Novice: 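Sharing a structure, written as structure tokens. Questions coming.
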Amino acid sequence: MTRNQAEKGERLAAEVRRQFGAEAMTRFLHTLPAFRIEADTHDRFRQLLDRLDQVEDGGTRLRRQ
């Protein structure tokens, strides 16, 4: 891989990370069924998901609905 190709790949990766971290993308993803917890999810699993959310957000995210 040439240096230019590597730089393009790095810029593309950075842009993808930036877009996935954008608030608009987060709102969109939360509208998709695959990113929601079902009402009958086991409590232990729900607690683990809540802990994961807290770690990802530095402990500032509200509980899942």
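In what follows, every heavy atom counts, from backbone to side chain, and hydrogens, waters and symmetry copies are set aside. Everything numeric in this text was worked out from a predicted model, so none of it was measured.
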Novice: Search all heavy atoms of Gln19 against all heavy atoms of Met25 and return the closest pair with its distance.
Specialist: O-CB, 3.3 Å
Novice: Show, in sequence, the C-alpha distance, side-chain angles and deciding distance for Thr26 and His30, and conclude whether the side-chain contact (heavy atoms from CB on, under 4.5 Å) test is met.
Specialist: CA-CA 6 Å; Thr26 301; His30 282 279; 3.5 Å; yes
Novice: Quick one: are Arg44 and Gln47 in side-chain contact, heavy atoms under 4.5 Å?
Specialist: yes
Novice: Flag yes if more than 12 heavy atoms outside Glu23 fall under 6.0 Å of its CD atom; otherwise flag no.
Specialist: no
Novice: Within the structure provided, determine whether Arg27 and Thr31 are in side-chain contact (heavy-atom separation under 4.5 Å).
Specialist: no
Novice: For the residue pair Leu48 and Leu52, establish whether any side-chain heavy-atom pair is separated by less than 4.5 Å.
Specialist: no
Novice: How about Arg51 and Val55: do any of their side-chain heavy atoms sit closer than 4.5 Å?
Specialist: no
Novice: Is the closest basic N to carboxylate O distance between Arg11 and Glu15 below 4.0 Å?
Specialist: no
Novice: Roughly how far apart are Gln54 CD and Leu49 CG, rounded to 0.5 Å?
Specialist: 11.5 Å
